[in-house]
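Quick notes on the structure that follows.
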Amino acid sequence: MKEEQVILVNEKDEQIGLMPKMEAHEKALLHRAFSVFVFNDKNELMIQQRAMGKYHSPGLWTNTCCSHQREGETNIEAGKRRLQEEMGFSTELKDTISFIYKAPFDNGLTEHEFDHILVGTYNGEPNLNPDEVHAYKWVDLETLKKDMTKNPDIYTEWFKIIFDKYYKHIQQ
């Protein structure tokens, strides 16, 4: 199977090229990405524990799902595709805020992303893809914020960044 391509962008989120995903992460080049936050009716966020076999950040807790848009795919289409692939359900998503962040990893890879936060609501049980997700749980934002401060090592680097951006956005 051909390696997934990411969309290289400039600081205005304008496409400037395509590159294999691993190469973009090795070179720390800015590319388009999305992060899905799914809430239930109690305003709890569904977070996932990454599968133990993932090539980086295995076993760490992160947002409901995240990935990269494919060429020609809207943010919403990409979010719905990946939510189905990882968590086994679909829901309507809304494009909220976007921003650039950079997070280096111990394995030499760097996430340098123009990230779009997509938000949805769901109250059912997910059907987890075991290749992607080890576990999930619902957590209210205040509890999550406190736990991220107390136990930062159990969360992905990007989730700490994007959660903080989203939390500040909803406080406004």
Side-chain angles (χ1 to χ4, degrees), residues 1-39 45-51 53-58 60-122 126 128-129 131-133 136 155-172:
M1 192 172 131
K2 191 175 165 220
E3 186 183 350
E4 185 96 15
Q5 301 269 312
V6 296
I7 300 169
L8 300 178
V9 296
N10 62 21
E11 290 78 16
K12 295 178 184 171
D13 197 26
E14 298 165 335
Q15 182 172 337
I16 58 172
L18 293 172
M19 182 175 280
K21 181 171 85 170
M22 287 300 288
E23 185 179 351
H25 289 107
E26 287 165 356
K27 294 179 176 177
L29 296 177
L30 183 62
H31 57 280
R32 190 174 293 149
F34 63 88
S35 301
V36 176
F37 284 49
V38 172
F39 292 90
L45 177 63
M46 179 187 286
I47 62 174
Q48 67 154 281
Q49 185 179 27
R50 289 171 58 84
K54 298 294 274 182
Y55 69 90
H56 73 73
S57 308
L60 297 183
W61 289 93
T62 197
N63 53 295
T64 314
C65 81
C66 54
S67 190
H68 304 94
Q69 297 85 336
R70 293 177 177 159
E71 188 172 37
E73 193 176 45
T74 68
N75 297 332
I76 300 296
E77 289 167 346
K80 285 183 167 188
R81 170 183 51 81
R82 198 64 189 153
L83 192 58
Q84 186 66 53
E85 290 170 359
E86 287 189 27
M87 304 304 286
F89 70 89
S90 185
T91 190
E92 291 303 310
L93 298 173
K94 183 176 130 198
D95 207 334
T96 62
I97 60 171
S98 59
F99 53 90
I100 295 172
Y101 77 91
K102 197 171 192 177
F105 298 101
D106 293 340
N107 62 5
L109 302 178
T110 300
E111 292 283 9
H112 188 197
E113 298 187 332
F114 196 113
D115 195 48
H116 297 262
I117 295 183
L118 312 175
V119 177
T121 304
Y122 183 74
L128 305 179
N129 175 344
D131 293 334
E132 300 289 341
V133 183
Y136 84 97
Y155 296 96
T156 63
E157 287 304 313
W158 66 87
F159 185 42
K160 291 181 270 191
I161 295 167
I162 64 178
F163 177 82
D164 186 57
K165 293 272 191 194
Y166 182 74
Y167 188 86
K168 286 177 180 165
H169 167 72
I170 62 171
Q171 298 303 311
Q172 296 176 359

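Because the structure is a prediction, the values reported are computed rather than measured. Scope of the values below: all heavy atoms of this structure, side chains included, with no hydrogens, waters or symmetry mates.
- Lys21 has its side chain out of reach of His31: every pair of non-hydrogen atoms, C-beta onward, lies at least 4.5 Å apart.
- Asn129 meets the side chain to side chain contact (heavy atoms under 4.5 Å, CB included) test with Asp131, Glu132; sequence neighbours excluded.
- Between Pro20 and Glu4 the shortest side-chain heavy-atom distance does not fall below 4.5 Å.
- Classified by interplanar angle (parallel below 30°, tilted 30° to 60°, perpendicular above 60°), the ring pair Phe37/Tyr166 is tilted.
- Shown here is Lys160, whose NZ atom has more than 12 heavy atoms of other residues, nucleotides or ligands within 6.0 Å.
- Heavy atoms from other residues, nucleotides or ligands lying under 6.0 Å from CD of Glu11 number 12 at most.
- Taking every heavy atom of both residues into account, Cys66 and Ser35 meet most closely at CB-CA, 3.8 Å.
- Atoms CD and OG1, from Glu157 and Thr62 in turn, are 10.5 Å apart once rounded to the nearest 0.5 Å.
- You'll find the side chain of Leu18 reaches within 4.5 Å of the side chain of Ile7, heavy atoms only.
- Under the 3.5 Å distance criterion, the side-chain polar atoms of Thr156 are left unmatched by any main-chain donor or acceptor of Leu60.
- Taking CD of Gln49 as the reference point, atom OH of Tyr136 lies at 13.5 Å (rounded to 0.5 Å).
- Annotation: side chain of Arg82 is not in contact with side chain of His68 (no heavy-atom distance under 4.5 Å).
- Note that CG of Asp164 is 11.0 Å distant from CZ of Phe159, once rounded to the nearest 0.5 Å.
- Looking at His116 and Asp13, their side chains come closer than 4.5 Å, going by heavy atoms from C-beta outward.
- Nearest heavy atoms, Met19 versus Leu29: CE-CD1, 3.4 Å.
- Counting only heavy atoms from C-beta outward, the side chains of Glu92 and Ile76 never approach each other to under 4.5 Å.
- Nearest heavy-atom pair across Ile162 and Asp115 is CG2-OD2, 3.4 Å.
- Scanning all heavy atoms of the two residues, the minimum distance from Gly79 to Phe34 falls at CA-CE1, 3.5 Å.
- Here Ile97 pairs with Phe99, Ile117, Lys165, His169 under the side chain to side chain contact (heavy atoms under 4.5 Å, CB included) rule; sequence neighbours left out.
- A search for side chain to side chain contact (heavy atoms under 4.5 Å, CB included) contacts involving His112 returns Leu30, Ile100, Lys102, not counting sequence neighbours.
- Annotation: side chain of Arg70 is not in contact with side chain of Gln5 (no heavy-atom distance under 4.5 Å).
- The main-chain N or O of Thr74 is found under 3.5 Å from a side-chain atom of Glu77 such that the two form a donor-acceptor pair.
- No donor-acceptor distance shorter than 3.5 angstrom exists from the side chain of Arg32 to the backbone of Gln69, with no hydrogens or angles considered.
- From Phe114, atom CZ reaches atom CD of Gln15 across 13.5 Å, with rounding to the nearest 0.5 Å.
- Here the CG atom belonging to Leu118 is positioned 7.0 Å from the OG1 atom belonging to Thr96, to the nearest 0.5 angstrom.
- The two atoms that bring His25 and Glu113 nearest to each other are NE2-OE2, 3.9 Å, heavy atoms only.
- With contacts defined as side-chain heavy-atom distances shorter than 4.5 Å, the pair Met46/Met87 qualifies.
- For the pairing with Thr91, the side-chain contact (heavy atoms from CB on, under 4.5 Å) check across Leu83, Val119, Thr64, Val36 returns one residue only, Leu83.
- The nearest pair of heavy atoms linking Ser57 to Trp158 is OG-CZ3, 3.6 Å.
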